[in-house]
Amino acid sequence: MLQELSEQEELRRTKLAELKKLGIDPYPAEEFKVNVTAQDIKDNYERDKLNYKDIRFAGRIMGIRDMGKAAFAVLQDSTSRMQIYIRRDDICPQEDDKTLYDVVWKKLIDIGDIVGIEGYVFTTKVGELSIHATSFKLLSKALKPLPIVKTDADGNAFDEVTDPEFRYRQRYVDLIINPKVKKTFEQRTTIINTIRAFLNDSGALEVDTPVLQSIPGGATARPFMTHHNALDIPLYLRIANELYLKRLIVGGFDWVYEFSRNFRNEGMDRTHNPEFTILEFYVAYKDYFWMMNTTEKLLEKIANDLHGTTDVVVGENTLSFAAPFKRISIFDSIKEHTGMDVSKMEEAGLREVCKTLHLEIDETMGKAKLIDTIFGETCEGKYIQPTFITDYPVEMSPLTKKHRTEEGLVERFELMINGKEIANAYSELNDPIDQRERFEEQIKLMERGDDEAMFIDYDFLRALEYGMPPTAGIGIGIDRLCMLMTNQPSIQDVLLFPTMRPENNTVATEEIN
RNA sequence: GAUUCUGUAGCUCAGCUGGUAGAGCAAUACACUUUUAAUGUAUGGGCCCUGGGUUCGAGUCCCAGCAGGAUCACCA
C-alpha cells in the first residue's frame with residue numbers, strides 16, 4: 001500500500017525519530033501496570049478519596065489544553081474519559097533539565113498517542129474531577145492524526161464524524177471518537193449475554209454445528225459456494241443451522257441452542273448483511289404455544305436487563321416488551337387489514353384478491369406465496385408493538401408440523417416488531433413421511449421456477465426416521481433484535497465490521513504479483 | 001440489479017449564472033502553572049474521487065467509471 005503522506009503524517013514520523021534520538025522507545029514492550037479506570041474514579045472517588053492518592057492510569061490522549069508551564073489533557077481509557085493535569089515542575093523536578101516537559105510532552109506528544117501516568121486524583125477550581133500527574137510515559141505513538149470531535153458542556157458535538165463510509169471502513173477510529181458507537185456494541189454483547197444466561201439457566205445446551213455444509217438446508221436462500229480441495233467436493237457456507245440442531249434433538253438432547261452466523265448471497269440494505277446472526281433453539285416435548293410464552297419472557301428480560309424497563313424507544317415509537325404479546329392468526333390479520341377473508345380461497349381467488357389490492361404477482365407464485373404477498377404488503381408493516389402472527393398455510397412452511405385442528409395450516413408463528421419480522425418459530429415437523437412429501441413439494445416448486453425452494457437433505461430424513469420427539473423450535477434475528485433494542489436504523493450500526501466493497505488501494509496486488 | 005443524492009485540507013463543511021481554492025477544528029511557531037468547544041498572535045497544508053469531452057478557460061457544465069448513502073426489487 002503505497003501512499004503519499006500528509007503534512008501531519010510526515011511531521012509525526014519526524015517526532016518519532018526525535019523520540020528515539022532522546023532514548024525514548026515509542027512502542028515499549030514492558031507491562032504498564034494500571035490500577036484504576038476512569039469510570040472507577042468517577043464512581044468512587046468522592047466516597048473513598050484515600051484510595052486515589054497513588055494511582056497508575058493509561059489511555060489515549062483525546063485533547064490537550066496547553067497553558068505554558070502546565071497543561072490539561074483528556075485521556076480516554078476503555079471505560080470513560082478523565083482529565084489529567086500535568087505541570088512542568090512536577091514532571092521535571094531538577095532545575096537544569098526540563099527536556100521531558102518542554103520537549104517530550106510539549107513537542108513530541110500528540111492527540112491520539114497512548115500514555116500511562118502516575119499521580120493522584122483531585123478536583124480542579126471549577127470542579128472537574130482530574131488526575132494530577134506526577135510522571136508520564138509514552139506507551140504508543142500515533143502516526144495518523146485523529147479526527148477530533150469536541151463536545152461542549154451540554155453534550156453538543158462539534159465536527160462529529162458522520163461519513164458512513166469512513167465510520168464502517170475504519171471502525172477502530174469510529175469507536176475511538178464516537179462514544180455512542182462503543183456503547184451500542186457493549187449493548188449488543190449485553191443482549192447476547194442475557195440470552196445465553198436465560199437459556200443456560202433453563203438447562204439448555206449451547207452447541208456448535210457445521211458452517212461448511214454440503215447441502216445448504218433449513219431455509220431458502222442463495223448460498224455462498226466454496227470448494228474443499230482434499231475431498232474435491234463443493235461446500236456451502238450455511239444459510240441456516242436448523243437441520244443440524246434437530247438432528248441433536250433426535251440424538252437425545254432436550255434443549256439445544258446456537259448463535260448461528262449465517263451467510264446468504266443476496267442483496268444488501270439497511271436490514272440485510274451477507275453474514276448475520278440468528279439464535280436458534282429447539283426444545284423437546286414442547287409446542288409453539290409454549291414457545292410463544294418463552295419468547296415473551298425472553299424479550300421482556302432482554303429489555304429489562306438492558307434498559308431497566310420494558311418500554312423501549314425505537315425511532316418515533318415506544319415499544320412495550322411487557323409480556324404477554326398480542327397474538328393473531330395470519331388470516332385474521334389479513335381480514336382485519338383488508339376486510340377480506342382469504343382463509344378458504346384457492347389460488348384463483350387469491351390472484352383476484354391480489355389484483356384488487358394492486359399487488360404485483362407472477363405466474364410462478366403458488367397459493368402460499370400469494371398469501372405471503374398479501375400479508376407482507378397490507379399487514380406486516382402495521383405491527384409496531386410486538387405481535388405473534390400465527391397459523392400459516394402449509395405450502396410456505398416445509399419444516400413445520402400440520403396444525404392440530406385447522407386443515408391446510410401449520411403450527412407456526414412469526415414475531416413482528418416495529419413492522420419487521422424478528423423471529424420465526426414452529427411446532428417442528430417430526431413425521432418423516434410427511435417431511436419427505438413436503439420436500440418433494442419443494443422440488444415441484446423449483447421445477448415451476450421458484451428459485452427459492454429448498455434442497456432435500458436425505459440424511460436429515462434418515463434422522464427423522466429414527467424418531468424425533470415433538471419439538472418446538474425458533475430462530476431469532478439477533479442483529480435486528482439489537483437494532484430494536486439499541487434504536488439503530490441500520491444493520492451496519494450493530495455489526496462491528498459490516499460487509500463492504502474492498503477499497504482498491506488496500507488490496508495487496510503487489511504481493512499477488 | 002433500478003432510480004436518486006453525495007465525493008473539495010487529517011476531520012466537519014462553504015465555494016453564486018464557468019475566470020487557476022476558503023472557514024472552523026486539527027497541525028506548526030510564540031505567549032500563558034487550575035483550563036475545559038481554553039485563549040491571543042502569526043504560519044503552513046489541496047491529483048477539488050478517476051478518466052474523457054465542451055470551452056480561450058472547468059472544483060463548477062456534459063459523458064463514462066469508482067466508492068458511499070437513501071429509496072425500490074430479492075431476502076432475514
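The model shown is predicted, which means the values in this text are computed figures rather than measured ones. Any value given below was found using the heavy atoms of this structure, including those in side chains, with hydrogens, waters and symmetry copies removed. Proteins come first, then strands; the chains are lettered A, B, ... in the order of their sequence lines, and each starts at number 1.
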State which residues pass side-chain hydrogen bond (donor to acceptor under 3.5 Å, both in side chains) with [X]; sequence neighbours excluded, sorted by chain then number.
X	result
A/Lys246	A/Glu242, A/Glu428
A/Thr79	A/Asp77
A/Asp269	A/Thr271, A/His272

Query raised in the report: Looking at RNA chain B, which of residues 475-488 of chain A put a heavy atom within less than 4.0 Å of it?
Result: A/Arg480
Query - Residues touching RNA chain B, which here means a heavy atom under 4.0 Å, drawn from residues 103-122 of chain A - result: A/Lys107, A/Asp110, A/Ile111, A/Phe122
Query raised in the report: Does B/U54 have a Watson-Crick or wobble mate here (both distances under 3.5 Å), and if so which one?
Result: none
**Report entry** Pairs touching residues 375-390 of chain A that satisfy salt bridge (charged side-chain N to carboxylate O under 4.0 Å, His left out), sequence neighbours left out
**Finding:** none
**Report entry** With A/Glu95 via salt bridge (Lys or Arg N to Asp or Glu O under 4.0 Å) - residues at least two apart
**Finding:** none
Query raised in the report: Excluding sequence neighbours, so at least two apart, what forms salt bridge (Lys or Arg N to Asp or Glu O under 4.0 Å) with A/Lys20?
Result: none
Query - ring pair (Phe, Tyr, Trp, His ring centres under 6.0 Å) partners for A/Tyr288, two or more places apart - result: none
**Report entry** Those residues that, when tested against A/Arg171, pass side chain to side chain contact (heavy atoms under 4.5 Å, CB included) (two or more places apart)
**Finding:** A/Arg167, A/Tyr168, A/Asp174, A/Leu175, A/Val181, A/Phe185, A/Phe497, A/Pro498
Report task. Can you sort out the partners of A/Lys326 under side chain to side chain contact (heavy atoms under 4.5 Å, CB included), two or more places apart, ordered by chain and number? Result -> A/Glu336, A/Tyr383, A/Thr387
Distances under 3.5 Å only, N/O to N/O: pair up the protein atoms with those of nucleotides 36-45 of chain B.
| residue | atom | partner | partner atom | Å |
| --- | --- | --- | --- | --- |
| B/U36 | O4' | A/Arg65 | NE | 3.3 |
| B/U36 | O2 | A/Arg65 | NH2 | 3.3 |
| B/U36 | O2 | A/Glu128 | OE1 | 3.0 |
| B/U36 | N3 | A/Glu128 | OE1 | 2.6 |
| B/A38 | OP1 | A/Lys150 | NZ | 2.4 |
| B/A38 | OP2 | A/Arg65 | NH1 | 2.9 |
| B/A38 | N6 | A/Asp66 | O | 2.7 |
| B/G44 | O2' | A/Glu7 | OE2 | 3.0 |
| B/G44 | N2 | A/Glu7 | OE1 | 2.4 |
| B/G44 | N3 | A/Glu7 | OE1 | 3.4 |
| B/G44 | N3 | A/Glu7 | OE2 | 3.3 |
| B/G45 | O4' | A/Glu7 | OE2 | 3.4 |

